[in-house]
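Everything on this sheet refers to the single structure shown next.
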Amino acid sequence: ARQYSVAKIGDDVLLSIKKHEKGLCSSYLSALNVNDTISATVEYNQEFHFPKSSKAVIMIANGTGFAPFLGMIDNNLAQKEIHLFLGLRTKASLELYSSVIDEAFNKNKLKDCHVAFSQENTEKVYVQDIILQQADFIANHLKNKGVIMICGSIVMQNQVLEQLHDITNMKLQLPLSDFEANQQIKTDCY
């Protein structure tokens, strides 16, 4: 069995999968044609869902970790403030999602979007770099009971949590663990 994060957008289920050269499932899925049928099950993650009580949410993702956020943004009918921080390799990667992101902006389901491209220039920029650039905003967000959701690779998660730890210590004089204990930090990384 292979597990993937999914998004529900309208009546569609969206998966964002990176094809690996020796990946059995990613190779199989990439060879499918439009209207092919596959069998799958959905395993609901009880811990990682859009917070109902928070007025503002920061979503941090890299690569295929963006998929569940697409669904959460699409389902933001209450038009809560969603701030997206996204790490991708290239601008071409962003093009895959541009129509969904544009529609979210047009329907006031997404407040802003910050994107880092790690393979676009000679200087690599990662999502944790743009987190650090927005340190004051993030500190204020946490101080005001906002929630931060992180989805993507474990490596990215660890680097983002390290930046958040530094931000909460420097800007709020509080350890990140206080915000984790208060359910303001949610992660679904692999």
Side-chain angles (χ1 to χ4, degrees), residues 5 7 9 14 16 18 45 47-51 54-76 79-121 123-172 176 179-180 182-190:
S5 298
I9 298 178
L14 173 80
S16 179
K18 178 183 178 183
N45 183 337
E47 302 298 318
F48 197 76
H49 51 84
F50 194 83
S54 182
K55 293 179 184 175
V57 178
I58 290 175
M59 296 178 172
I60 303 170
N62 71 331
T64 59
F66 185 37
F69 292 153
L70 289 170
M72 291 179 197
I73 292 168
D74 185 65
N75 289 308
N76 183 19
Q79 297 180 336
K80 293 185 178 191
E81 266 190 33
I82 296 177
H83 306 273
L84 179 62
F85 289 78
L86 182 58
L88 298 171
R89 290 177 184 246
T90 64
K91 291 178 182 175
S93 300
L94 183 61
E95 287 300 314
L96 295 170
Y97 310 107
S98 62
S99 64
V100 177
I101 292 171
D102 290 344
E103 185 176 336
F105 275 122
N106 291 336
K107 293 184 176 180
N108 295 317
K109 294 180 178 184
L110 181 61
K111 177 79 173 173
D112 56 29
C113 180
H114 307 270
V115 185
F117 299 107
S118 64
Q119 306 297 315
E120 215 36 62
N121 299 310
E123 181 184 338
K124 296 179 184 238
V125 180
Y126 297 98
V127 71
Q128 59 269 21
D129 297 325
I130 56 176
I131 297 293
L132 188 58
Q133 292 169 3
Q134 297 290 322
D136 289 334
F137 170 75
I138 289 170
N140 193 47
H141 176 80
L142 288 170
K143 182 180 176 182
N144 291 320
K145 306 293 184 212
V147 172
I148 295 178
M149 302 180 77
I150 307 168
C151 189
S153 73
I154 291 284
V155 171
M156 179 273 303
Q157 171 191 289
N158 292 339
Q159 293 169 342
V160 165
L161 289 175
E162 187 176 308
Q163 293 289 13
L164 293 176
H165 174 77
D166 291 347
I167 290 168
T168 60
N169 276 330
M170 289 186 306
K171 304 284 183 181
L172 303 172
L176 183 62
F179 301 97
E180 291 170 322
N182 200 28
Q183 302 296 309
Q184 287 179 261
I185 309 291
K186 295 178 176 282
T187 62
D188 184 25
C189 295
Y190 40 88

L94/L86 under side-chain contact (heavy atoms from CB on, under 4.5 Å): CA gap, chis, key distance, verdict
CA-CA 9 Å; L94 183 61; L86 182 58; 4.1 Å; yes
If you round to the nearest 0.5 Å, how far is CD1 of I73 from CG of L110?
5.0 Å
The criterion is side chain to side chain donor-acceptor pair (under 3.5 Å); which residues satisfy it with S93, sequence neighbours excluded?
T90
By side chain to side chain donor-acceptor pair (under 3.5 Å), which residues pair with H165, not counting sequence neighbours?
N169
Less than 4.5 Å apart, side chain to side chain, heavy atoms only: is that true for F85 and Q133?
no
Residue pairs meeting ring pair (Phe, Tyr, Trp, His ring centres under 6.0 Å), one or both in residues 127-159, sequence neighbours left out, come to H83-F137
Can you tell me how far CD1 of I60 sits from NZ of K186, rounded to the nearest 0.5 angstrom?
14.0 Å
Write out all pairs satisfying salt bridge (charged side-chain N to carboxylate O under 4.0 Å, His left out) with one or both partners inside residues 148-160, taking only residues at least two apart or from two chains.
none
Shortest non-hydrogen contact from G146 toward S54:
CA-OG, 3.8 Å
Here the gap from F69 atom CZ to N76 atom CG, rounded to the nearest 0.5 Å, amounts to 13.0 Å
side-chain contact (heavy atoms from CB on, under 4.5 Å) partners of N182, counting only residues at least two apart
K145, Q184
Taken in chain and number order and not counting sequence neighbours, the residues that satisfy salt bridge (charged side-chain N to carboxylate O under 4.0 Å, His left out) with K80 are none
Using the salt bridge (charged side-chain N to carboxylate O under 4.0 Å, His left out) criterion, which residues pair with K143? Sequence neighbours excluded.
none
Report yes or no: do D102 and N106 form a side-chain donor-acceptor pair below 3.5 Å?
no
Sequence-distant partners of T64, side chain to side chain donor-acceptor pair (under 3.5 Å), two or more places apart
Y190
Taking atom SG of C151 and atom CG of N45, what is their separation to the nearest 0.5 Å?
9.0 Å
Provide the closest heavy-atom pair for A116 versus I130 in the form atom of the first, atom of the second, distance.
N-CD1, 3.9 Å
Report yes if the side chains of I58 and L142 come closer than 4.5 Å at any heavy-atom pair, otherwise no.
no
In Å and rounded to the nearest 0.5 Å, what is the CG to NE2 distance from L84 to H114?
8.5 Å
With sequence neighbours excluded, residues passing side-chain contact (heavy atoms from CB on, under 4.5 Å) with K107
E103, K109
Is there a side-chain contact between Y97 and V115 (heavy atoms, below 4.5 Å)?
no
Residues which pass side-chain contact (heavy atoms from CB on, under 4.5 Å) with L14, listed by chain and number, not counting sequence neighbours
A7, I9, L70
Using distance only, find each side-chain donor-acceptor pair of residues 154-164 under 3.5 Å and give its atom names and separation, not counting sequence neighbours.
| unit_1 | atom_1 | unit_2 | atom_2 | d |
| --- | --- | --- | --- | --- |
| N158 | ND2 | I154 | O | 3.4 |
| Q159 | OE1 | Q128 | NE2 | 2.6 |

K124 meets the side-chain contact (heavy atoms from CB on, under 4.5 Å) criterion, sequence neighbours left out, with Q119, Y126
Exercise: identify the closest heavy-atom pair between M149 and H49
CE-O, 3.4 Å
Decide yes or no for M59 and F50: does some side-chain heavy atom of the first lie under 4.5 Å from some side-chain heavy atom of the second?
yes
Distance col, row N62:CG vs R89:CZ, nearest 0.5 angstrom, shows 9.5 Å
Closest heavy-atom contact between T168 and F179?
CG2-CE1, 3.6 Å
